[in-house]
**Q** 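Before I ask anything, here is the structure I am working with.
The figures that follow rest on heavy atoms only: side chains count, while hydrogens, waters and symmetry mates do not.
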Amino acid sequence: MEDTTKMIYPEIERLSALMDDRFELFGFHFGLNFILDLIPEVGDIVTTLVALYIFGLSYKYPVSKWVKFRMLLNIAIYFVVGLIPWLGDIFGAWFKPNRRNLTLIQKFLS
């Protein structure tokens with residue numbers, strides 16, 4: 001378990017940071033999610049696929065079904081609200097689904 005944690009955690013952390021927190025403007029942190037979400041329809045699909053990939057990595061850990069459900073719920077909320085023009089983009093930059101899902105994994109394993 002420990003070797004898997006060492007290998008996967010950095011990947012999840014890097015992807016979460018890239019997608020949700022990589023850039024800063026006027027004290028507001030955002031990532032590629034916000035930038036890609038500005039592309040109508042395509043951006044929402046691409047960023048949701050990345051979030052689902054991160055979710056898939058959670059299967060490397062012995063996390064509960066409840067944690068996996070919460071992770072999928074975070075992704076679903078992000079996707080559905082993200083479909084609303086402009087408001088969805090701002091919501092996604094604030095909501096940070098990948099960071100939330102990383103936190104769920106970390107809390108469960110600690």
Side-chain angles (χ1 to χ4, degrees):
M1 165 64 185
E2 193 167 320
D3 292 334
T4 303
T5 302
K6 288 179 182 175
M7 291 176 4
I8 302 298
Y9 254 95
E11 183 176 6
I12 293 175
E13 288 176 342
R14 275 193 307 272
L15 274 172
S16 294
L18 177 65
M19 297 306 288
D20 292 339
D21 297 318
R22 178 75 168 150
F23 310 106
E24 180 182 356
L25 186 62
F26 305 115
F28 182 72
H29 292 271
F30 62 95
L32 285 180
N33 273 355
F34 179 71
I35 295 167
L36 292 172
D37 281 345
L38 295 175
I39 304 169
E41 297 165 16
V42 174
D44 294 320
I45 293 169
V46 170
T47 56
T48 300
L49 287 175
V50 173
L52 288 171
Y53 174 73
I54 292 172
F55 170 75
L57 292 176
S58 75
Y59 279 88
K60 303 283 185 182
Y61 300 100
V63 295
S64 70
K65 290 179 182 178
W66 176 247
V67 170
K68 290 177 183 172
F69 172 76
R70 291 278 316 271
M71 292 176 71
L72 282 176
L73 185 62
N74 286 339
I75 294 168
I77 291 168
Y78 168 74
F79 179 74
V80 171
V81 176
L83 294 175
I84 302 168
W86 296 105
L87 177 64
D89 302 331
I90 294 167
F91 172 79
W94 168 81
F95 189 67
K96 301 181 188 305
N98 302 304
R99 181 65 58 198
R100 286 175 187 265
N101 288 344
L102 173 61
T103 301
L104 285 171
I105 293 170
Q106 290 171 329
K107 284 183 179 179
F108 185 82
L109 294 177
S110 61

**Q** Within 45° of the six-membered ring axis of Trp94 and under 6.0 Å from that ring's centre, is NZ or CZ of Arg99 located there?
**A** no

**Q** So which atom in Gly92 and which in Tyr78 form the shortest heavy-atom distance, rounded to 0.1 Å?
**A** CA-CE1, 3.6 Å

**Q** Identify the heavy atoms of Phe95 and Ile77 that sit nearest to each other, and give their distance.
**A** CZ-CG2, 4.1 Å

**Q** Check ring pair (Phe, Tyr, Trp, His ring centres under 6.0 Å) between Phe55 and all other residues, then give those that pass, not counting sequence neighbours.
**A** Tyr59

**Q** Check the pair Phe34, Leu25 against side-chain contact (heavy atoms from CB on, under 4.5 Å), reporting the backbone distance first and the verdict last.
**A** CA-CA 12 Å; Phe34 179 71; Leu25 186 62; over 6 Å; no

**Q** Mind checking the CD1-NZ spacing from Ile105 to Lys68? Nearest 0.5 Å is all I need.
**A** 9.5 Å

**Q** Determine whether Val50 and Leu36 satisfy the following criterion, side-chain contact (heavy atoms from CB on, under 4.5 Å), listing intermediate values before the conclusion.
**A** CA-CA 11 Å; Val50 173; Leu36 292 172; over 6 Å; no

**Q** Within this structure, what is the OG1-CE distance for the pair Thr103 and Met71, rounded to the nearest 0.5 Å?
**A** 10.0 Å

**Q** Specify the closest pair of heavy atoms between Asn101 and Arg70, including all atoms of both residues, with the distance to one decimal.
**A** OD1-O, 4.3 Å

**Q** Mind listing the closest non-hydrogen atom pair of Ile75 and Ala51 along with its distance?
**A** CD1-O, 3.5 Å

**Q** Taking it one step at a time, do Leu15 and Asn98 satisfy side-chain contact (heavy atoms from CB on, under 4.5 Å)?
**A** CA-CA 8 Å; Leu15 274 172; Asn98 302 304; over 6 Å; no

**Q** Does some side-chain heavy atom of Tyr53 sit less than 4.5 Å from a side-chain heavy atom of Glu11?
**A** yes

**Q** Looking only at heavy atoms, which two atoms of Ile12 and Tyr61 are closest? And how far apart?
**A** CD1-CE1, 3.9 Å

**Q** Is it the case that one hydrophobic cluster holds both Leu104 and Leu73, taking links as side-chain heavy atoms less than 4.5 Å apart, direct or via other members?
**A** no

**Q** Find out if a path of hydrophobic residues (ILVMFWY) with successive side-chain heavy-atom gaps under 4.5 Å connects Val81 to Ile39.
**A** no

**Q** Of all the heavy-atom pairs spanning Pro40 and Leu38, show the shortest one and how long it is.
**A** CD-O, 3.3 Å

**Q** Centre of Phe28's six-membered ring, under 6.0 Å away, within 45 degrees of the axis: is that where NZ or CZ of Lys96 sits?
**A** yes

**Q** Could you work out, with side chain to side chain contact (heavy atoms under 4.5 Å, CB included) as the rule, every residue matching Ile35, not counting sequence neighbours?
**A** Phe23, Phe30, Leu32

**Q** Between Lys107 and Val67, is there a side-chain heavy-atom distance shorter than 4.5 Å?
**A** no

**Q** Starting from Phe91, can I reach Met19 by hopping between I/L/V/M/F/W/Y residues whose side chains sit under 4.5 Å apart?
**A** no

**Q** Determine the sole option in Asp44, Asp89, Asp20 for which the side chain to side chain donor-acceptor pair (under 3.5 Å) test with Asn33 is passed.
**A** Asp20

**Q** For residues Leu72 and Leu52, determine if any side-chain heavy atom of one lies less than 4.5 Å from a side-chain heavy atom of the other.
**A** yes

